[in-house]
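A quick write-up on the structure given underneath.
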Amino acid sequence: MNTLIIYAHPNPASFSSALKSKIEQTLIAKGDNVKVRDLYEMNFNSVLSANDLAGVYAGNTPDDIVAEQELISWANTIVMVYPIWWAGLPAIAKGYIDRVFTYGFAYKVGEQGIEGLLKGRNVILVTPHGTPKQYYEPSGMWNSMAQTQDKGIFEFCGIEVIKHFFLPMMGTEQTDREAYLNDVATYIKAI
């Protein structure tokens, strides 16, 4: 299986980085072909410009966008690892979606309405966050984020969301973090 990890956190000592490393090691151990896109390390340009849009609409998509689209097309499974900041994706991850998941590549409008063009792929979202479960779960924030991220981005483009790990970090102990790492790895091994 071809698996693309898209990772967005600026701190290489973060728990998000530990998750990315554990996921990559687990996928390699099970024999997947794995490619990692560390958006901060790449210094990915996350700003969708007027020139980007003009190029996409004219059929002259900028080379850096085409390179990422080729990786998305190569992947059977995409694993996105990013923290939840202010109830959403970090700007660099959102910019990746804005620039790479373009009209004509990720979706189009046809006779039947909106058509997701990335069918046949699935995604796993791994999103640690600082807000405690006791706030996010009962307030409906997890449901809201699942609706805007899972459905509003990935399912809209035809990608099946097979799992979204919401990992509340505030107040966690080392044993909790190890359990998160093991839970994610166990899930990854089983797919």
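Quick caveat: nothing in here was measured; it's all calculated off a predicted structure.
Contacts of Asp63 classified as side chain to side chain contact (heavy atoms under 4.5 Å, CB included), with partners at least two apart in sequence or in another chain: none. With sequence neighbours left out, Ser46 forms a side-chain hydrogen bond (donor to acceptor under 3.5 Å, both in side chains) with no residue at all. Partners of Asp38 under the side chain to side chain contact (heavy atoms under 4.5 Å, CB included) rule, at least two apart in sequence or in another chain, are Tyr7, Tyr40, Glu41. The side chain to side chain contact (heavy atoms under 4.5 Å, CB included) check on Ile65 picks up Asp52, Thr61, Pro62, Gln69, Arg99, with sequence neighbours excluded. For the side chain to side chain contact (heavy atoms under 4.5 Å, CB included) test, residues two or more places apart in sequence or in another chain that qualify with Met1 are Thr3, Asp32, Asn76, Thr77. Listed by chain and number, the residues in a side-chain hydrogen bond (donor to acceptor under 3.5 Å, both in side chains) with Lys94 are Asp98 (sequence neighbours excluded).
Using cut-offs of 30° and 60° on the angle between ring planes, the pair His164 and Phe166 is parallel. By the 30° and 60° cut-offs, the orientation of the rings of Tyr96 relative to Phe44 is tilted.
The number of heavy-atom neighbours closer than 6.0 Å to OH of Tyr103, taken from other residues, nucleotides and ligands shown, is above 12. Surrounding NZ of Lys151 are at most 12 heavy atoms belonging to other residues, nucleotides or ligands under 6.0 Å away. Atom CD of Gln174 has more than 12 heavy atoms from other residues, nucleotides or ligands within 6.0 Å. A 6.0 Å sphere centred on CD of Gln147 holds no more than 12 heavy atoms belonging to other residues, nucleotides or ligands.
Seen from the ring of Phe15, Arg177 counts as a face-on cation partner, given the 6.0 Å and 45° thresholds.
Among Thr127, Ile92, Val126, Leu19, the single residue meeting the side-chain contact (heavy atoms from CB on, under 4.5 Å) criterion with Tyr82 is Thr127.
We find the CD1-CZ distance between Ile114 and Phe156 to be 4.0 Å, quoted to the nearest 0.5 Å. In this structure, the separation between CD1 on Ile5 and OG on Ser21 is 8.5 Å, given to the nearest 0.5 Å. To the nearest 0.5 Å, atoms CZ (Phe105) and CG (Leu117) are separated by 8.5 Å. How far CE of Met170 is from OG1 of Thr172: 10.0 Å, rounded to the nearest 0.5 Å. Here Asn182 contributes atom CG and Lys22 contributes atom NZ; the two are 5.5 Å apart, rounded to the nearest 0.5 Å.
Checked against the 6.0 Å centroid threshold, Tyr187 and Phe165 count as a close aromatic pair.
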